[in-house]
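The structure appears right after this line, and notes come after that.
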Amino acid sequence: MKKIEAIIKPFKLDEVKDALHEVGLQGITVTEAKGFGRQKGHTELYRGAEYVVDFLPKVKIEVVLADNQVDRAIEAIQTAARTGRIGDGKIFVTPVEQTIRIRTGETGEEAV
């Protein structure tokens with residue numbers, strides 16, 4: 001099993017969620033996040049004063065899935081989240097050693 005973590009722009013969340021649903025994924029975890037990458041934030045003007053916005057709003061999506069679903073899920077996230085502009089985000093894939101469903105005690109892929 002693998003865990004996919006994707007950091008995306010907040011307004012792309014619904015598109016990514018729908019795209020993941022279309023490839024057969026049932027559950028995702030979403031967390032509001034703030035951060036910056038190469039764009040290093042930006043400056044804004046407020047009441048005549050300029051200030052730097054270092055941390056931009058982002059959304060972190062986490063999905064645990066079977067190995068055979070990883071490529072389709074990555075493609076779905078990339079297609080749905082891409083705007084072509086800086087700050088589109090990143091996707092991280094890591095191995096998952098064990099999964100346990102608390103309610104039933106199921107383990108492995110059955111717990112996902």
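Note: the hydrophobic cluster containing Ile8 also contains Val93 (ILVMFWY, side chain heavy atoms under 4.5 Å, direct or indirect links). Hydrophobic clustering (side-chain heavy atoms under 4.5 Å, transitive across Ile, Leu, Val, Met, Phe, Trp, Tyr) groups Leu25 together with Ile74. In the hydrophobic clustering of this structure, Val16 groups with Val23; members are Ile, Leu, Val, Met, Phe, Trp, Tyr whose side-chain heavy atoms approach within less than 4.5 Å, directly or through other members. Cluster membership for Leu20 and Leu13, using ILVMFWY side-chain heavy atoms within less than 4.5 angstrom, is shared.
The closest side-chain heavy-atom distance from Ile77 to Ile61 is not below 4.5 Å. Counting only heavy atoms from C-beta outward, the side chains of Glu15 and Lys17 never approach each other to under 4.5 Å. Taking the side chain as every heavy atom from C-beta outward, Leu56 and Lys34 never approach each other to under 4.5 Å. Counting heavy atoms from C-beta outward, Phe11 and Val59 have side chains that stay 4.5 Å or more apart. By the 4.5 Å heavy-atom criterion applied to side chains, Lys60 and Val30 are not counted as neighbours.
The line from CG of Asn68 to CE of Met1 is 12.0 Å long, rounded to the nearest 0.5 Å. Taking CD of Glu62 as the start and NZ of Lys3 as the end, the distance is 4.0 Å to the nearest 0.5 Å.
Of all non-hydrogen atoms in Ile100 and Thr107, the two that sit nearest each other are CG1-CG2, 4.0 Å. Summarising the geometry of Val96 relative to Lys2, their closest heavy-atom pair is CG2-C, 3.7 Å, with the distance given to 0.1 Å. Closest approach of Pro10 to Pro57, counting heavy atoms only: CD-O, 3.4 Å. Taking each heavy atom of Lys9 and Lys58 in turn, the nearest pair found is CG-NZ, 4.4 Å. The nearest pair of heavy atoms linking Leu65 to Val63 is CD2-O, 3.6 Å. Counting all heavy atoms, side chain and backbone alike, Ile4 lies closest to Val70 at CD1-O, 4.2 Å.
Atom CD of Glu75 is surrounded by 12 or fewer heavy atoms from other residues, nucleotides or ligands within 6.0 Å.
One N or O on the side chain of Arg101 and one on the backbone of Glu110 form a donor-acceptor pair closer than 3.5 Å. For Asp88 (side chain) and Arg82 (main-chain N/O), no donor-acceptor pair under 3.5 Å exists by modelled atom type.
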